[in-house]
Amino acid sequence: MAGVTITNVSKSYGDIQVMYDINLEISDGEFVVFVGPSGCGKSTLLRMIAGLEEITSGDISIGDRVVNEVAPSKRGVAMVFQTYALYPHMSVFNNMAFGLKQAKTPKQEIDKRVRAAAEVLHISEYLDRTPRALSGGQRQRVAIGRAIVREPDVFLFDEPLSNLDAALRVQTRLEIARLHNRLGSTMIYVTHDQVEAMTLADKIVVLRDGRIEQVGTPIELYENPANTFVAQFIGSPKMNFFGSDDLTDTSQESFKNIDGEKIIGIRPEHLQACEDDKSMIKGKLELIEQLGEYALVHLIAESGNEFIVKMPQPPKAAKGETLNFSTQDNLVHYFDHGSGARSV
Amino acid sequence: MTDRDKQKLKNQVAIIGAWIVAGLFFFPIFWLFLTSFKTELQAISDPPKLFFVPTLENYALIEERTDYFRFAWSSIVTSFGGTALAMFIAIPAAYAMAFNPTRWTKDILLWMLSTKMLPAVGVLMPIYLICQKFGLLDTKLALVIIFALINLPIIIIILFNYFREIPVEILEASRMDGASTFNEITQVVLPLAWGGIASTALLSIVLLWNEAFWSINLTSSDAGTLVSLVASFSSPEGLFWAKLSAVSTLACAPIMVFGWLTQKQLVRGLTFGAVK
C-alpha cells in the first residue's frame with residue numbers, strides 16, 4: 001500500500017509543453033479521479049505515474065520512493081486500459097497469470113491468485129477461453145483481474161468504462177467501487193465523464209490544458225467550484241451563468257451589486273419557478289426535454305443568454321412564453337468576469 | 001433480359017476471361033513440362049507436337065550426368081538458411097522501428113528499400129573479391145549471407161507493416177506486467193504477428209529459391225543451386241530443348257509444390273496491407 005506524490009511535474013514533447021508544474025498528493029487508499037475534457041492531459045499524467053511516459057521535469061513518488069527512473073513493472077502499479085489490451089492469443093487464465101509468470105512466481109501461487117481474482121470478478125468459468133470468446137464487459141473484468149493478481153500498491157484505470165454500453169457502464173462502475181472498498185488500495189482513475197468522477201471519487205482532480213484547475217471532494221467541487229470551468233464541468237446539466245443585464249430589478253437588489261466585472265452562476269436544479277413580482281431571472285421558453293422523473297427546460301433570457309432549469313414537472317406554458325425564476329442567496333456562485341475565478 | 005440475368009452473364013464472361021488469362025500465364029510452364037518428356041527431335045519439330053510417346057530419357061540423362069540432389073540440397077539450404085538469417089535480423093529491427101519509431105524511421109525504411117533499386121551487378125566485383133579473400137567462393141555460407149542481405153530490406157518493410165497492426169496498448173500492458181524486451185517479442189509480438197511472419201518467410205524462400213544472379217556468379221560445383229544447374233545446361237552445351245526443359249522442370253517442381261501447399265499464407269503475404 002502506498003500513496004502517490006507528484007511534485008512540480010512537467011511534460012513536453014519536443015518544443016510543445018503539455019503538462020505544467022503539476023503538484024498533487026494522493027493518500028494511501030484514496031480513490032482519486034482525474035477528470036477533464038479530451039486533450040487536458042489526464043491520461044498523460046496517469047501514464048507518467050505508470051511509467052509509460054517519461055517525465056520532463058519534477059518528481060513522482062510512490063510510497064517513499066521516487067520512481068522517475070523506475071521501470072513500469074517495478075513501481076508497484078497495475079493499469080487497466082481503455083481498450084482492455086488483453087493478449088488475444090492467450091487464455092483468460094494466462095492473461096491474468098502473465099505478469100506473475102514474468103516475476104517468476106511459483107506455479108501454485110499463480111494458480112491460487114488467479115483463481116481468487118476470477119472468483120471476485122465472476123469470471124471463473126471463462127478461465128480457459130480466449131478474450132475473443134468474451135463480451136466487452138467480461139473482457140473488462142479480465143483486464144481488471146490482470147491488475148488485481150499482481151497485488152499492486154496503486155491501481156491505474158485509463159477510461160476503463162468508455163467502451164462499454166450504458167447499462168454495463170453503471171454496473172461495472174459499481175463493481176469498481178466495491179473492489180476499492182474490498183481491497184482498500186490506492187486507485188487513480190481517468191475519465192471524461194463527470195458522473196463517473198462524482199460517484200467513484202474520494203477526491204477529484206479537474207484538469208484543463210495540462211494544468212490542475214481544482215482538487216477536492218465531489219461535494220466541494222459541486223458546492224464551491226474554483227472557477228467557471230470547474231463549475232461548468234462538474235454537475236449535469238452544467239451551471240448557468242448570468243451577467244447583470246440578465247437580472248431583474250429584484251435580483252439586482254438581492255445579489256450583491258452585480259456589475260460588468262462579475263457574473264453569477266446558478267445550477268439548473270437551484271432555479272425555481274415563481275410569481276412575476278419575485279422574479280430574479282426571466283426567460284422565454286424554447287424547448288422542454290422530458291426525462292420522466294424531471295424535465296429540462298431550455299430558456300432564452302432577454303439578453304439572448306441561454307439557460308437551463310431542471311424542474312420536477314414540466315411547466316404548462318407554450319413556446320415563446322416568458323417564465324419567471326428565483327433562487328436562494330446561498331445557492332448563487334459569484335465569478336470574476338475576466339478570469340472566471342471565484343469571487344466571494 | 002432482367003438485370004439479374006445481365007449481371008449473371010457479366011460474371012460468366014469475367015470468369016471465362018480470367019481462365020483465359022490464367023491459361024496464358026500457365027502455358028509456358030505446361031509446355032516446359034511437356035517438352036521435358038520429348039526427345040530432342042520432337043522438341044524442335046515444326047509444327048510443335050502436342051501428342052507424342054513420352055520418354056524419361058532426359059531425366060535419366062540428367063541424373064546420370066549431374067547430381068540433382070546435391071543441387072537441390074544446396075537450394076534448400078541457401079533459401080531456407082538465407083530466410084532464417086534475414087528473419088533473425090529483421091524481426092528485432094522491425095520491432096524497434098514499429099514500436100519505438102523516431103523521426104528518422106520513415107527515412108531509414110525508404111533508404112533500405114532504395115538499396116533494392118541498385119543493380120546487383122554494380123556490386124558484383126567487390127562482393128566477389130570479398131568472398132574470394134575469405135575463402136567463401138562456391139560455399140553455401142556465402143549464398144546464405146548474401147541471400148539474407150538482399151532480402152532483408154523487403155522483409156523488414158513487410159514485418160514493420162505487420163507489427164504496426166498490433167495495438168500498442170498490448171505491448172504497454174506487457175511492459176506493465178514486467179515482460180523484458182526479449183519476452184515481449186517472443187511471447188507477445190511473435191504469436192500475434194505469426195501469420196504475417198510465416199507468409200513473409202514463405203515469400204522470401206520462394207524469392208531466394210529463384211535467385212539467379214548471385215548463385216550463378218558465386219558458385220560452381222560445390223554450392224551450386226538448382227538455378228545454376230539450369231544455367232549450366234543452357235550455355236556450354238548448345239540448346240538442347242528437351243534436356244533444358246527436364247532440368248528446368250526439376251528445378252521448378254519443388255518450389256511449386258511448396259508454393260501450392262502454402263498458397264493460403266503466400267496470398268496473405270503478397271497482398272498484405274491491401275485489405276484490412
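Each chain gets a letter, A, B and so on, in the order its sequence line appears, and its residues count up from 1.
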Of the backbone (N, CA, C, O) and the side chain (C-beta and beyond), which part of [X] lies under 4.5 Å from a heavy atom of chain B, both, or neither?
X	value
A:R75	neither
A:V77	both
A:A50	both
A:L86	backbone

Do the rings of A:F157 and A:F31 sit parallel, tilted or perpendicular, given the 30° and 60° boundaries?
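Plane angle under 30°, so parallel.
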
Ring geometry between A:F98 and A:Y87 (parallel below 30°, tilted from 30 to 60°, perpendicular above 60°)
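Because their plane-to-plane angle lies in the 30° to 60° range, the rings of A:Y87 and A:F98 count as tilted.
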
So which of A:P88, A:A147, A:A143 has the biggest tally of heavy-atom pairs under 4.5 Å with chain B?
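That would be A:P88.
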
Does the A:H192 side chain pair with the main chain of A:V35, one donor and one acceptor, at a distance under 3.5 Å?
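No, because the side chain of A:H192 does not come within donor-acceptor range (under 3.5 Å) of the backbone of A:V35.
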
Supply the atom-to-atom distance B:T262 OG1 to B:I255 CD1, rounded to the nearest 0.5 angstrom.
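So the OG1 of B:T262 and the CD1 of B:I255 are separated by 8.0 Å.
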
SB check A:R173 A:E196 (cutoff 4.0 Å)
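Here A:R173 does not pair with A:E196 in a salt bridge, since their nearest N and O are not under 4.0 Å apart.
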
